[in-house]
Amino acid sequence: MTATLIKKTPKTAPAAPATPPAPGTLPAHADVVIVGYGPAGAALANLLGRYGVDTLVVDKAEDILPMPRAIALDNEALRILQMAGLAEDAFEKIAIPQVRLHSPYAGEFGRVNTAGCLDGHPKLITFYQPEMEQALRSAVKQHSTVRTAVGVEMTDFMDLGHEIRLQLRPADGPAQTISCRYLVAADGSASPVRARLGVEFGGETYPQDWLIVDAKHVRSPISDVEFLCDPERPVPHMIAPGGRERWEFMMKPGETREQVLQPAFLRELLKPWANPDELEIERTAVYRFHARVADSFRKGNVFLVGDAAHITPPFVGQGMCAGLRDVANLGWKLAWVLHGRADARILDSYDRERRPHAKAMIDLARGMGLLIKPVSPVAGALSSHLVKNLRRLPPLRALIDDLKIKPRNRFKEGLFQPRNRDDRLDRGNHLPQVWLRNAAGQGAWSDDALGERLTLVGFGVDPLQALSPQEQAAWTAAGGAFVQISHRGQLGQPRPELAVWEDLTGELVPDRAPVGWLAVVRPDRVILHDGPATDAGRLVRETLSLLGLKG
Ligand SMILES: Cc1cc2nc3c(=O)[nH]c(=O)nc-3n(C[C@H](O)[C@H](O)[C@H](O)COP(=O)(O)OP(=O)(O)OC[C@H]3O[C@@H](n4cnc5c(N)ncnc54)[C@H](O)[C@@H]3O)c2cc1C
């Protein structure tokens, strides 16, 4: 199996380098201020822009961080980037077909099948983080309600309940006080906002340092991700776009930063993989990994997202993915509250929905860490042989090889109608994404067809047919839209208030969603409610009630 390169189309000129705002040009107020313009902050800025929210993003750095950090993303993260408005070719990716685990004791003992797509996106890709962040920043420019200010540090804030006052200090100007309704801390793992709130960041910091090396190497011998699980010196190694390769070397006791960053030392480390003369070392960094989760992702009107809320060892490539899940979950809720389409109490569901999953992913990474860097040679021999043998049993093989071990992003509790015996769709889970076609013959991914609204979807049925004009009006006032998705060849008649599509894949209707059934789908694609088309009025009333509105 070989990796597939998904190219970026060079259709837009690279964005001009950002410049700090001139003194005094910061707005006096924004409904939402995002502190931190890393990937989590930039993705949220795009989402809030799409929902039309008055937003200011500030970052103390003047440009994108050049450090070697995230390299892999999963299909869920790519789906969120799609929701944030990034085109499929906005940044280059390599689709990774498999992840292989080797040990000195058992040879290849694990192989995870990551080939193919889920919900319209490759299950695993590698990418170049600065290019992806640049694509997010370029996309922000389309949104007239979003302002950005780089080279501006947030130095203090006070949550007064009805508003938050913030101190912002531009690099070369006087500090300014501005106000906002909600503050989002996307300010990274050291999060000054989290520290100021006094929110605990419990967990562990690993005792070892890791040397990360990104190099350009045109003749890469691998086409996937490999983990060399040697307790002496474990090494994850992978390819990335632009002829790049990444190595992550665990440093041995006694090795120092200065020593491992010496060119001669690096050449020795890389020798087993490549002729060092054929490698152009692009970036190096030494990191210590952490597994920590904030005690709460919300305090008052302040929300933590991304590394400010959780930080994971990168063994399953999920740190940024988790941050993207945070902003997809929070963005529309802030928008609905600020637009008066929901009560502020819905914001409590952000922590309830996101924190358990973020923690579960970190637990998976910690477990994977025990395989990748066993505590001793005996533990390494035992664990690699155990996994190798367990994979001989089909149910356990699926757990490892088909990623069934990965925690599902399905909520136990939160902003959805409680599950019961009559529901046919998985409330609190995400609606699968499929390829659709409308009456004009235009194709679209179902998420794009649903757009930025709360949607009442009728599967093979007109979702409006059993609604009174008052219920329709209440739904529209709550930011609701109506969409009909039928199975192939059974397109209904579109009307101004109803978009009509056919499911070309047959994977949604009738396989997952029975004909004659309705679903209420949140803007983050989570199924909030479902029921028969005859009960449309009840679904609308119960949804409005969950949003804290009267039906
Ligand atoms: C070696 C390594 C490998 C990784 N691999 C993966 C991977 O394969 N897949 C994956 O999903 N994740 C991975 N990650 C994790 C991923 O890189 C991070 O989760 C992600 O970059 C964090 O994004 P963020 O936006 O939350 O924070 P950051 O990118 O850290 O952004 C925070 C921003 O806040 C700004 N800021 C801080 N304080 C202030 C202030 N007071 N005022 C104004 N601005 C402020 C900073 O300047 C910074 O720009 C990896 C990380 C490492 C270290």
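For reference, positions follow the sequence shown, starting with 1. Ligands are counted one by one from 1 in listed order, and the atoms in each one are counted from 1 as well.
Surrounding NZ of K406 are more than 12 heavy atoms belonging to other residues, nucleotides or ligands, all under 6.0 Å away.
For atom 27 (O) of ligand 1, the nearest protein heavy atom (residue, atom name, distance) is G188 CA, 3.7 Å. Here the protein heavy atom with the shortest distance to atom 26 (O) of ligand 1 is D307 N, 2.9 Å. Nearest to atom 13 (C) of ligand 1 among the protein's heavy atoms is A70 CB, 3.3 Å. The nearest protein atom to atom 31 (O) of ligand 1, hydrogens excluded, is given as G38 CA, 3.7 Å; this is a heavy-atom distance. Shortest contact from atom 52 (C) of ligand 1 to any protein heavy atom: R69 CA, 3.9 Å. The protein heavy-atom contact nearest to atom 47 (O) of ligand 1 is D59 OD1, 2.6 Å. Taking atom 37 (C) of ligand 1 as the reference point, the nearest protein heavy-atom neighbour is D187 O, 3.4 Å. The single protein non-hydrogen atom nearest to atom 44 (N) of ligand 1 is K60 N, 3.0 Å, given as residue, atom name and distance.
Look at A186 and you'll find a heavy atom under 4.0 Å from some atom of ligand 1. By the 4.0 Å heavy-atom criterion, V152 is counted among the residues contacting ligand 1. Using a non-hydrogen distance threshold of 4.0 Å, E133 does not register as a contact of ligand 1.
For the pair A365 and T312, the tightest heavy-atom approach, listed with the atom from each and the gap, is CB-OG1, 3.4 Å.
Nearest residue to atom 11 (O) of ligand 1 from Q129, M361, M320, R196 is M320 (criterion: closest heavy atom). Relative to atom 20 (C) of ligand 1, the option among A43, P39, A77 with the closest non-hydrogen atom is P39.
Contacts between A72 and ligand 1 below 4.0 angstrom, taking non-hydrogen atoms only, involve backbone and side chain alike.
Where the criterion is an N or O separation shorter than 3.5 Å, residue side chain and backbone included, S189 fails it with respect to ligand 1. Considering both main-chain and side-chain atoms, C321 comes within under 3.5 Å of ligand 1 through a nitrogen or oxygen pair. For ligand 1, one of its N or O atoms has an N or O atom of M154 under 3.5 Å away. Polar contact with ligand 1: present for A40 (N/O pair, distance under 3.5 Å). Every N/O-N/O distance between L65 and ligand 1 stays at or above 3.5 Å. Looking at A308 next to ligand 1, no N or O pair under 3.5 Å apart turns up.
Relative to the six-membered ring of F157, R165 misses at least one condition, a distance below 6.0 Å or an angle of at most 45° to the axis.
When only modelled atom types and interatomic distance are considered, Q167 and T177 share a side-chain donor-acceptor pair under 3.5 Å.
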